[in-house]
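In this text, all values refer to a predicted model and were calculated from it rather than measured experimentally. The chains referred to below are lettered A, B, ... by the order of the sequence lines, with proteins before strands, and numbering in each begins at 1.
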Protein chains: 2
Amino acid sequence: MGRTAGRDPEQTRTALLDAAAQVVRERGVSATLDDVARRAGVSKGGLLYHFASKQELLLALAREWLERFRAAVEAAVDPADTEPGRLMRAYVRVSVHEALDAAATRDALVLVAHLSTVAAVADLARADALRWQADLRADGLPEDVLSLVLAAADGVSAQPVWGMEPEPQELERLRDRLLALTRA
Amino acid sequence: MGRTAGRDPEQTRTALLDAAAQVVRERGVSATLDDVARRAGVSKGGLLYHFASKQELLLALAREWLERFRAAVEAAVDPADTEPGRLMRAYVRVSVHEALDAAATRDALVLVAHLSTVAAVADLARADALRWQADLRADGLPEDVLSLVLAAADGVSAQPVWGMEPEPQELERLRDRLLALTRA
DNA sequence: GTCTATATCGCGATAGAC
DNA sequence: GTCTATCGCGATATAGAC
């Protein structure tokens with residue numbers, strides 16, 4: 001395979017984004033490019049080859065997580081489920097699943113909250129939120145069920161941001177209750 | 001009044017905290033001491049007389065807002081209401097009220113989210129969240145109602161963090177529905 | 001494609017005048 | 001109690017070798 005000794009560019013980019021996710025979660029967006037680069041096993045100069053500026057790095061990171069969440073929800077839609085609210089149910093399942101998972105994904109929203117500090121990222125997040133609102137509205141649920149269930153799902157994702165971490169069992173009960181509400 | 005020409009120290013402190021709240025909401029915690037000072041009509045040196053470091057300023061700011069929210073909820077408890085869930089109902093009312101208010105208070109949580117970027121503030125917020133959990137648990141609601149209503153109330157407060165801003169009418173309907181749930 | 005310099009700048013914090 | 005001046009650090013970003 002030619003003479004490329006190290007990682008290919010794709011791998012490096014991914015490694016940098018993963019490292020950035022970790023570091024930003026720990027230290028916020030004031031985390032240093034040097035920290036990110038080192039954790040990815042790359043030099044600062046190397047990082048700046050792949051992402052021309054810090055803002056570009058943070059934007060790419062935000063995009064990645066927003067897309068990841070959307071993909072997870074789309075994958076969680078039950079193909080056998082043809083009732084109104086099928087997208088909302090997938091949204092609930094993913095939100096609670098992520099809130100449950102003690103590993104990296106649980107902190108997705110902590111990351112987005114940190115990233116939203118950056119104006120350009122906040123714009124991106126707002127556009128994404130609008131798209132969710134439109135998609136969920138097209139999902140066929142009555143308005144008041146939609147806003148209740150959506151608020152609760154978002155609340156579950158958001159609570160860890162300010163340090164509140166509900167018990168797993170509690171979360172599972174809440175999820176089931178939310179799913180039931182979409183079918184009432 | 002002696003010879004003190006300008007504001008008294010209390011006023012200056014308050015002006016600085018107000019300025020800091022604005023600036024941090026706009027620019028995140030990477031906002032500059034100089035910005036904060038200028039907006040309060042004080043020099044950077046003046047600021048640092050009142051708050052020995054940037055961290056102290058941010059901590060004071062976080063404390064102020066957490067206390068303000070708690071005081072608002074306590075004030076919103078209906079004295080005539082002696083049923084279980086009276087604290088939760090006040091919490092819901094204040095959360096939705098703040099989400100409705102287009103003025104400064106609406107952004108309280110955006111501010112806290114930004115501030116939570118700072119480790120010392122995150123600790124403070126976590127302690128506060130634990131206290132809320134304890135207080136609300138003592139409020140007499142069934143566990144599953146509590147977690148549903150709390151998640152929804154928190155979701156309403158949190159949604160603006162990532163740019164989602166529901167319609168006022170929608171919020172009022174949601175509030176009424178949440179209040180009803182605590183009485184079912 | 002990645003690394004090692006290095007330029008440059010802006011910030012937090014201090015010292016001391018007023 | 002507040003201001004001015006300044007120090008010193010650490011950060012982003014660039015230039016150019018390898």
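Here dT4(C) presents its P atom at 11 Å from CZ of Arg38(A), a figure rounded to the nearest Å. What separates NZ of Lys44(A) from C1' of dT12(D) is a distance of 7 Å, to the nearest Å. Distance Glu56(B) CD to dA13(C) P: 10 Å, rounded to the nearest Å. Going from atom CZ of Phe51(B) over to atom P of dG12(C) covers 15 Å, rounded to whole Å.
In this structure, Ala40(B) reaches neither bases nor backbone, as no heavy-atom distance under 4.0 Å exists between it and the strands shown.
Contact annotation: Thr32(B) does not reach the phosphate of dG10(C) (side-chain N/O to OP1 or OP2, under 4.0 Å).
Using a cutoff of 4.0 Å between basic side-chain nitrogens and carboxylate oxygens, Glu74(B) and Arg70(B) are not scored as salt-bridged.
With dT12(D), dA13(C), dC3(C) as the choices, the nucleotide that has an atom nearest any side-chain atom of Ser53(B) turns out to be dA13(C). Side-chain proximity of Leu33(A) to dT12(D), dT2(D), dG12(C): nearest is dT12(D). Residue Tyr49(B) places its side chain closer to dT2(D) than to any other of dT2(D), dA13(D), dA13(C). In this structure, the nucleotide among dC3(D), dT14(D), dA13(C) sitting nearest to the side chain of Leu48(A) is dT14(D). Closest contact between the side chain of Ser43(A) and the listed nucleotides dA13(D), dC3(C), dG1(D) involves dC3(C). If you check dT2(C), dG1(D), dT2(D) against the side chain of His50(B), the one that comes closest is dT2(D).
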(request) Tell me, with the steps shown, if Val73(B) and Trp132(B) meet side-chain contact (heavy atoms from CB on, under 4.5 Å). (result) CA-CA 11 Å; Val73(B) 172; Trp132(B) 273 116; 3.7 Å; yes

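Residue Tyr91(B) forms a side-chain hydrogen bond (donor to acceptor under 3.5 Å, both in side chains) with just one option from Thr182(B), Asp139(B), Asp154(B), and that option is Asp154(B).
In terms of position on DNA chain D, the residue among Ser30(A) and Gly45(A) whose nearest nucleotide sits closer to the 5' end is Ser30(A).
No donor-acceptor pair closer than 3.5 Å links the side chain of Arg39(B) to the backbone N or O of Ala19(B).
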